[in-house]
Amino acid sequence: MKLKPVPRIEINLDKIQHNAAVLKHLCEAKGVEVTGVVKGVCADLQIVNALIQAGITRLAVSKTFHLEKLKKAKINATLILLRTPGISEVPAVVKYADISMNSEMDVIRALSNEAVKQGKTHKIIVMVEMGDLREGVMPKDLPAFISEVMQLPAIEIAGIGTNFACFGGVLPTEEKMREFSSIVEKIKRQFALQLPIVSGGNSANLKWLLETDDIGSVNDIRLGESILLGRETTEGGIIPNLYPDTFKFVAEVIEAKQKPSSPYGYRGKNGFGESIEFQEHGWINHILVNAGRQDVFVPGLSPTKPIKILGATSDHIVIDGKKHQFEVGDEITFTPNYAAVLSLMTSPYIHKTYIEFTGSKHEKPNNVYSIYKQKFLPKH
Ligand SMILES: *Cc1c(COP(=O)(O)O)cnc(C)c1O
């Protein structure tokens, strides 16, 4: 038998492609284009390809490193830098991004100077603060800001964007979205600007987008987690007809013994400066697997069997195997959340493996899947 590498992340490209195709279709029905956000998977080229196969034509990342990777791979999509860049990053942004999101005049001025140097025009999306308190120009300052940007020789304003539910947890309500559209319309009128891209938010906006009767000026939405994990992010629910089980994390049992449930001996803080409480309940099936905090955000893992993660050190996850008799060499599978996927994809110690849609009975493609499979997915 050929041994599969462990620890590994198993990536189901077909399910991710399905999620992207369904979301694209739902958003298009409202006149909104989907920008696929791949920062959570380090712009993994196979995942990027799955999004392209689903018909996604705009991709967004948060690091210039990933822009460079996508540009060099000649990915056929508009490349957007999501995170407002630092001045030190400006040369790479102008070189590799088709569009960058911005909120600071000093940075935009540096982008203009650099674009002149590189003989280009650089496109930007100006970010507007709507209350979540991360990036964005305050609405009262926006007209003066736009006016100043318009005087720069090598900058083109490709659009206006906003962001919700990332830092302050502020939700994109009907009222907030109406306010955003009215800000956008005012700018359009005042400066006779086209604003081809009006980017209304991220996966947290999906509920609003799918339910609203009036999407206002919004014609773009930036979707990461909803494509990758099939989830709506304000309440964490699975979006109907999407696959939540797109990633699995598999680690290998390296020790399996009966041990007491509580540490014994005088106790201080553990190796991470923590004092952990233990519940005494006799002897347990005490299991160690070959991955730890250096590889994965352990609190973001849910075991697929009824076992319990007790904690982790840098290279071990400690598990209560409950009723399950594990042996050394067994594999244990976990479902990772977004934060865990992010860490697994970033870790050089985790093998990235790609699996095909299995089509087994319990995950039989639902109707929507088969429709989109005919329409969007390549024949296998
Ligand atoms: C991360 C990010 C997104 C994508 O967020 P999801 O919740 O994964 O959809 C969109 N826009 C900006 C500015 C981001 O930083």
Side-chain angles (χ1 to χ4, degrees), residues 16 19-20 22-24 26-27 32-44 47-48 51 54 56 58-67 77-86 89 93 97 99-104 107 124-137 158-172 176-177 180 197-210 218-239 242 244 246-247 297 300 336-343 345-346:
I16 293 170
N19 287 355
V22 172
L23 285 169
K24 181 182 154 68
L26 290 172
C27 293
V32 172
E33 189 159 332
V34 172
T35 293
V37 177
V38 290
K39 68 183 182 198
V41 290
C42 298
D44 177 90
I47 295 175
V48 161
L51 266 55
I56 300 284
R58 288 181 188 150
L59 290 171
V61 293
S62 51
K63 296 189 192 302
T64 55
F65 187 83
H66 294 144
L67 286 175
T78 302
L79 302 183
I80 301 176
L81 181 69
L82 282 174
R83 211 223 34 236
T84 48
E89 297 168 305
V93 176
I99 302 173
S100 64
M101 301 189 139
N102 282 278
S103 59
E104 279 291 358
V107 177
I124 65 168
I125 292 175
V126 175
M127 294 302 278
V128 182
E129 176 63 65
M130 293 299 298
D132 193 53
L133 296 186
R134 205 177 62 183
E135 74 275 33
V137 178
I160 289 186
T162 191
N163 197 53
F164 290 95
C166 267
F167 182 64
V170 169
L171 298 176
K176 279 279 180 199
M177 294 312 292
F180 173 62
I197 301 176
V198 179
S199 191
N202 55 45
S203 295
N205 285 68
L206 267 176
K207 204 167 143 45
W208 161 78
L209 190 142
L210 298 176
V218 172
N219 63 15
D220 175 88
I221 183 169
R222 309 176 305 271
L223 301 181
E225 184 166 351
S226 51
I227 292 177
L228 296 168
L229 289 167
R231 283 178 187 279
E232 188 279 332
T233 51
T234 58
E235 287 158 12
I238 296 167
I239 300 165
L242 296 198
T246 42
F247 296 90
F297 177 67
N337 70 7
Y338 187 80
V341 168
L342 177 73
S343 57
M345 294 304 288
T346 307

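All ligand and atom numbering here is 1-based and tracks the order in the structure.
- In this structure, I160 and S199 have side chains that are not in contact, with every pair of non-hydrogen atoms separated by 4.5 Å or more.
- Among the atoms of L82, none of the N or O lies under 3.5 angstrom from an N or O of ligand 1.
- Under 3.5 Å, the side chains of R222 and N163 contain a donor-acceptor pair of N or O atoms.
- A donor-acceptor contact closer than 3.5 angstrom is absent between the side chains of T233 and S203.
- One distance of note links CG of L51 with CD1 of I16; it measures 8.0 Å at 0.5 Å rounding.
- Listed by number with element, the atoms of ligand 1 under 4.0 angstrom from any heavy atom of E135 are 13 (C).
- Counting the atoms of ligand 1 from 1 in the order shown, those under 4.0 Å from a heavy atom of G224 are 6 (P), 8 (O), 9 (O).
- Considering only non-hydrogen protein atoms, atom 15 (O) of ligand 1 sits nearest to K39 NZ, 2.7 Å.
- Between the side chain of N19 and the backbone N or O of L242, no donor-acceptor pair lies under 3.5 Å.
- With respect to atom 8 (O) of ligand 1, the closest heavy atom belonging to the protein is E225 N, 2.8 Å.
- Side chain of N102 to backbone of E104: no donor-acceptor contact under 3.5 angstrom is found.
- No side-chain donor-acceptor contact under 3.5 Å links T35 and E33.
- E89 and R83 are joined by a salt bridge, as a carboxylate oxygen and a charged side-chain nitrogen come within less than 4.0 angstrom of each other.
- Residue R134 places a heavy atom under 4.0 Å from ligand 1.
- Heavy atoms of M101 come nearer than 4.0 angstrom to ligand 1 in no pair at all.
- Contact annotation: for R83 versus ligand 1, there are no heavy atoms closer than 4.0 Å.
- Of the N or O atoms in R222, one or more lie within a sub-3.5 Å distance of an N or O in ligand 1.
- Ranking protein heavy atoms by distance to atom 5 (O) of ligand 1, first place goes to N202 CB, 3.4 Å.
- For atom 9 (O) of ligand 1, the closest non-hydrogen atom of the protein is S203 OG, 2.5 Å.
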